[in-house]
Each structure stands twice: as structure tokens, then as C-alpha cells.
Undergrad: 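Sending over a structure as C-alpha cells; questions will come in a sec.
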Amino acid sequence: MSDTVVSGPALAGREVRHEDGPRGAPFTPPKQGFLALKSHYSRKTLGTLALLGALSLFLAWEIGAHSVPEAKEKFFPAVEQVLAALFQLFAEKEFIYDVGMSCLRIYLAYIVAMSVALPLAIGMGSFENLRATLNPTLSALRYLPAASFIPLLLVWFGPTDTSKVLLLFLGVVWFLVAGMLADVRSVSHELVESALTMGARRKTVVFNVILPAAGPQLMTSARDLTAVAWTYLVIAEVIGAQSGIGAVMMRAGRFLNVDVIIAGILTIGILGVLTDTVFRLGHRMLFPWAR
Amino acid sequence: MAYAEVAMTDTDETQTAVDASKLPIYVDCVTKQYLGGAFTAIDNVTCAMEENQITAIIGPSGCGKTTLLRQIAGLEYPSYGRILRDGEVIHGPGPDRGMVFQTYTAFPWLTTLQNAEYAMKINGVPAAERRERAMEHLRLVHLDGFKDYYPNSLSGGMRQRVAIARALGQDPRVLLMDEPFGALDAQVRWEMEELTVEIEERTRKTIILVTHDIQQAIYVADRIIFLTRNPGRIKADMKLEFKEGRRFLKKEELITHPGYAETEAQLYGMMREEIEKIRGGE
């Protein structure tokens, strides 16, 4: 009972030495429910939750497939049937060739779109008068549905790969321009001005300051639009294509092979996620300084 | 008393023959208007800045102190008048006038060392020489231990020191600082103020510091130019006589120096006058 510590004014001016005093009891924070606001979870927990989310989708699918009447089963195949169809596609139908053709078309179109969009965005983002000249027209082009060009492309190029790649290109390029222009324009003005006060010339400012400053955002914009490119891929291959994932799905539809159709959808989904992952890894490797 | 003795440029009355237009910076009857003449940010201001001298420009918010600095940098142009750098009219930004901004402008995609080398790189300094000089500047701003860090992993004060080292890299005749410590917390700001004095002691540059912080201006500067708001005119041009031509490497030594309190009170008084004028006018 000796030397009870008194809080408040009595302590003022006195030296408080915690290391000598009694240690406080361990503190137990209040228990959080499942939907805790702004909580921090470990990577492992987050990974488990993501897996649970994905599994529940497949589970719902499986339950759904098994609850349709037997006569209609063909129209709603279960997970294992689709996986079997997918395996068969690769093993017996040379599906890898179709996947390769689709990838070739989509990446070719994407590279062409990027090589048009990137210079336009950097030019318009760096020079106000260029933007004033080009951007109103380019913005308007965004409102022309790419699919509406299908008849025109078919008249000009027939059901060739050229028309497919062009459709994909038209589907993404104007959105790429808009997104990338916003990225370039969001580069802080002070970065440009500090380069100018160091004696940087115009070329140096554009390629050595604006471009690296916008780099990480540009790559994110490019990544976001790959999803749109996959959308147009199916449209492009549904119209008179001999090869490609979309063509395989169209043919399967004629014979009511729903399992093959769903296998195609699944394949596109997996390819999309893979592309996204490659972009993420590339982002981390190219821009180690960005957080 | 551990203050540094400095021989500042002699500007006694005996030497009034100095041609102001040949000084490092000569602001010659500069007027800067915006909104087609509706707002006068700077109204017919004339002043000169000497070598080996830190000039602080202070005044109420919106008094045009940053506008004046940006015109010296060449990032903006006067509406009337002209600004000379060593007798030559300024027509745009150049490496002879380095600038440190309030926002963090260290290039995030370059390491500390690459940032410190950047100005030299774009001005064609050979690789070996620029590395050596960059390291020298990093030692001066106490960042030599962080040469391979990216700015995003540094604190605000460190990022500003990177920006200062980078500006020193271009070996500027004039170093312009636009509220460079405004975004920093009080303790770091204080460290940076002492660092600025130390840099001036080592490099003897012409430094122009724009600030709204009266204590900072008194501590860092050798001379204070007080600007009024709308129109921006020079209300006072004070040589800080009480410092007796010395610079103090430690702030507490200056604060206890005779004459400090009076100077501070005088500047607060001037600031109050201006604020009341602005309140009354609007």
C-alpha cells in the first residue's frame, strides 16, 4: 500500500519512472465480428477468403446443374462435364491452335492500338494546342460503337483476319486514348517546371519527365482495357471465322453442345486473368519506385 | 557563441557607386497583372539581390511573392518592366537559376543519387564528374546514406533535401526557394532552416526565399523584403542590422541575440497592418 501513484496535478513536476512501477495487465482488444470495418487481415487470411469466394461460385453452379430436370441436363452441364469438354477440346480438337489464333489477333490489335494511342496521349497531354485540335474529334469517335463497323469491315476486307484485328482495334483505341490522355495530364505541373528550371529542353521534358512520371498510370490504363479487347474478340470471331475460341463456341452452339460453349467462356476468363497477372508483374518490374 | 563569422558583400554608403543592374538579380520596374489588367499582383517593383546573401520575401497571402519569384525563375513573364540576371534580361527558365518548390518535386522514378545528378546530366556534365559532385551535394544535405533510395520511401524533409541537392547540381548563380518547407512539420522545418543557412555558408550563393513564416525569414535571411497585397508593392526592405553581418547555425542562438525580439515584433506589426487593410478593403 506504500507510494500509491496519484494521477492528475499531484504528478506534475515529479519524475515518473515507469520501469520501476508495476507493469500493466495485458490488454485485450474487443472482439470483432465477421464484417469488421477497416480491419487488417494477414495475407494468408485474404488469400483464403478469395479462394472461398471462387469456390462458392463453382459450388452454386454445381448445385444449379444438379437441380435441373434430367431431360434438360444437356443445357446446363455441371462443372465436371465442362472440364471434361475442355480437356477433350485440347486433347482431340487441337483447341490450342484456336486459343493461339485468338491470342494472336487480340495482342496484335492491342499492340497496334497502343502504338496509336500512346503517342496521341503524350502529344495531346503535353501540348495544349494539339489537344484542342484533336481531342474533341477523338472523343466523338468514342461514341461510334465498334460493332457498327462490322458490315463496313466485311465489305472492305471480307471475313479475313484483317477485319477482325481492325474491329478489335476500333473497340479499344479511343478508350485507350482517353484514359492515357488523363494519365499524362495528371502529371504534376511542378515536375515539369522544376525540369525547366534545370535547363531541360522540350524533348527532355516530354520523354524524360512527363513519360516516366505518367508511366505507372499509363500501364494501369492499358491493363484495364484488355478486358474490353476480349469482349470484342468474341464478337469478331462469331462473324464468319474458321478459327479462334469464338468460332469454336459458335460451331458448338449449332450442335447444342452447351458444355463446349461454357468451356470456351471459361478459357477466355482464364486468359483474361493471365493477361492481367502479366501486366501486374510487368508493372512491378518496370516501376519498382511506384507505390 | 558558435556562430559563423561571414564577410558579406560590403554595401556601405562609401560604395554607393555599385551599379544595381549588374547584380545577380535586378528586378527593374516590374508590374505583373492578371485578368487582363483587372488584378495587379506586382505593382512597379524595383529591387536587387546581391551575391552571398539570403533575401527573404514575405508578406500576407496573395501578395504576389511567389509571382515575383516565378518571374525571376523565368516561368512567368512580367507585364511591364524586366528582370536582369547579371545584367542580362531573363527570357525564360535556365540552369543559372535553380528552384526548389513547396510541393515535392524530387523525381519519383530516380534514386536520390540519380536525382542529384539529373540537372548535371541534362546539361552534359561527364558521368564521373557529376557522380562526384552529386555525392558532395548529398553529403551537404546529409543524404549520402540514402543515395539508392527512391523518393517515395523517404520522408517529406528528405525529399526536399533531394530537391535542394538536385538544384545545387546545376551550380546555379541564384537559388530560388518557394516556401520550400511549408509542407513540413515544425521540427523538420527548423532542421531545414538551419540546413539552408549551412548551405549558404558553404556555397555563398544568391538565395531568394519566399515564405510566410516571419520567424523563418528572420532566422534564415540577411535581408527581408516585405510585400503588400493588391497591389503588390515593397512595404519595407530591411537589412537585418541586429545580426551584425553574422549568420547563426543554431536557431536558439539567434533568438537570444539582442534585437531579435524587436525585429520579430516589428514584422508581426507590419503583417497585422496589412491583414487589417485587406479586411477593411473587402
Undergrad: So which of B:P108, B:S153, B:A119, B:G74 has the biggest tally of heavy-atom pairs under 4.5 Å with chain A?
TA: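 Looking at each of B:P108, B:S153, B:A119, B:G74 in turn, B:P108 comes out on top.
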
Undergrad: Would you check, one step at a time, whether the test side-chain hydrogen bond (donor to acceptor under 3.5 Å, both in side chains) holds for A:S194 with A:T197?
TA: CA-CA 5 Å; A:S194 60; A:T197 60; 5.7 Å; no

Undergrad: Do you see a donor-acceptor pair shorter than 3.5 Å between the side chains of B:T105 and B:R166?
TA: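 B:T105 vs B:R166: donor-acceptor pair found between side chains.
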
Undergrad: Under 4.5 Å from any heavy atom of chain B, what part of A:A213 do you find: side chain, backbone, both or neither?
TA: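 Both parts, heavy atoms under 4.5 Å.
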
Undergrad: Is it the case that B:Q216 and B:E193 place a side-chain donor and acceptor less than 3.5 Å from each other?
TA: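 Present: a donor and an acceptor within the cut-off.
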
Undergrad: Under 30°, 30 to 60°, or over 60°: which ring-plane class applies to B:F107 and B:W109, parallel, tilted or perpendicular?
TA: parallel

Undergrad: Does any backbone or side-chain atom of B:N152 lie under 4.5 Å from a heavy atom of chain A? Answer side chain, backbone, both or neither.
TA: both

